[in-house]
> 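Here it is, the structure, as structure tokens.
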Amino acid sequence: MSNDVEFMQSSGLGIITLNRPGALNALSTDMCRAIDEKLAAWDVDKGIKAVVIRGGGGKAFCAGGDVRAIVEQGHENNTKAQEFFATEYKMNARIFHFSKPFIALLDGITMGGGVGVSIHGSHRIVTENTLFAMPEAAIGLIPDVGGSYFLPRFPGATGLYLGLTGARLKGADTLYVGIGTAYMQSDKLAEFIHSLEENDISSDDDVDAIVAQFADDPGSAPLDEFRDLIDAVFSEKTVEDIFDHLSIIDHDWARQTLAVLKKMSPISLKVIIEQLERGRSLEFDDCMIMEYRIVSAISSYDSDFYEGVRAVLIDKDHNPNWIPPTLGEVTHEMVMTHFDVPASGDLLL
Ligand code: QUE
């Protein structure tokens, strides 16, 4: 059993604390498996009325998956990578299908895998410390953990914008797109948990009533100012058209967004636009199966994922050598092979 995640029961509330602050609570295979097994038990345990998940250490809710550990295994043996993604995605699906209120306290950094361990639940409480992103294109990966499902369902084209650029959002913006369901000052969270313990909460509506007692006004969402630009640019059908569209807009937002996209893995960008277009019309479980196909492909060769994690998380030179280096060299066939069934078979949910 992993001791990087703690479980406790208090007055019928199951409380999960991600407790690996040295790695910003990044999820390991063991942590994902432990959470999945505990949720399976709590789902059918009559003594559990609801589940709360939070991050320990004061800085992060959860920075993502422990991609550094996966990359250190190397692509020659991607069994460990596949085991990590399969375990993580089964846990994501467990949360999606969980039958009781599942309340995530996103009081800090919430990126990648941290989004997957929260957004599929019924309630996501955000605070003044919440910092959300799906930044995987910067490490040659894709916005997974259900990104195929939730990103295309965000308003307008905001989901593709967030998935391609890795843009970071704070509290008000997370409510605007639907990542957060309520805003609370972080100093109220302890009282909020106490109230969940004290009250009879058999339904999501019961939780809503308690949330309402503690909720604060998040203020206006900065993202709204750029919403027309985002929708115009990110409803283009190809990455090249998005780049072209950004390049003809005389606006700082467009210049900055284009500069960010130019630093991302070209192959990731093209796989992501295809992934999110497919995910738009897929059921949740089929999104997870598709994502497992993509990450199995990405982890099976010396891909941009290994180079991206080296450049961003290991050597920290932030100067990845993407292969191929330009969008024009990424062929349709290179993109499509990421959607093939892995040699070892599909994810079994
Ligand atoms: C893109 C990502 C991740 C990232 C940085 C990116 C990611 C992830 C981490 C991360 C951060 C701190 C840690 C850690 C991992 O960073 O998925 O173990 O201590 O998990 O630009 O997708």
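Only this structure's heavy atoms are used, side chains among them; waters, hydrogens and symmetry mates stay out. Just so you know, ligand 1 is whichever comes first in the structure, and atom 1 is the first atom listed for that ligand.
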> Does the side chain of Thr79 pick up a donor-acceptor pair with the side chain of Gln82 at under 3.5 Å?
no

> Answer yes or no on whether Arg310 is positioned over the face of Tyr306, meaning its NZ or CZ is under 6.0 Å from the six-membered ring centre and within 45° of the axis.
no

> Considering heavy atoms of the protein only, find what lies nearest to atom 8 (C) of ligand 1 and give residue, atom and distance to 0.1 Å.
Ala63 O, 3.4 Å

> Should you measure from each heavy atom of Glu136, which atoms of ligand 1 turn up under 4.0 Å away?
22 (O)

> Which label fits Tyr161 and Trp253: parallel for a plane angle under 30°, tilted from 30 to 60°, or perpendicular past 60°?
tilted

> Is the Lys NZ or Arg CZ of Arg168 less than 6.0 Å from the centre of Phe132's six-membered ring, within 45° of the axis?
no

> Going by the atom numbers of ligand 1, which of them fall below 4.0 Å from some non-hydrogen atom of Gly64?
20 (O)

> At under 4.0 Å between heavy atoms, is it the side chain or the backbone of Leu313 that contacts ligand 1, or both, or neither?
side chain

> Taking the inter-plane angle between the rings of Phe305 and Phe85 on a 0 to 90° scale, is it parallel (under 30°), tilted (30 to 60°) or perpendicular (over 60°)?
tilted

> Kindly identify the option in Gly308, Ala26, Gly166 whose heavy atom sits closest to atom 18 (O) of ligand 1.
Ala26

> I'd like to check whether Val312 has a polar contact with ligand 1, where a contact means an N/O of the residue lying under 3.5 Å from an N/O of the ligand.
no

> Around atom 20 (O) of ligand 1, find the nearest protein heavy atom and jot down its residue, atom name and distance.
Gly65 O, 2.6 Å

> Distance to the ring centre below 6.0 angstrom and angle to the axis at most 45 degrees; does that hold for Lys188 and Phe214?
no

> In terms of relative ring orientation, are Phe102 and Phe98 parallel, tilted or perpendicular, with 30° and 60° separating the classes?
perpendicular

> Heavy atoms only, cut-off 4.0 Å: how does Ala23 contact ligand 1, side chain, backbone, both, or neither?
both

> Tell me which protein heavy atom sits closest to atom 3 (C) of ligand 1, plus the residue, atom name and distance to 0.1 Å.
Ile139 CD1, 4.0 Å

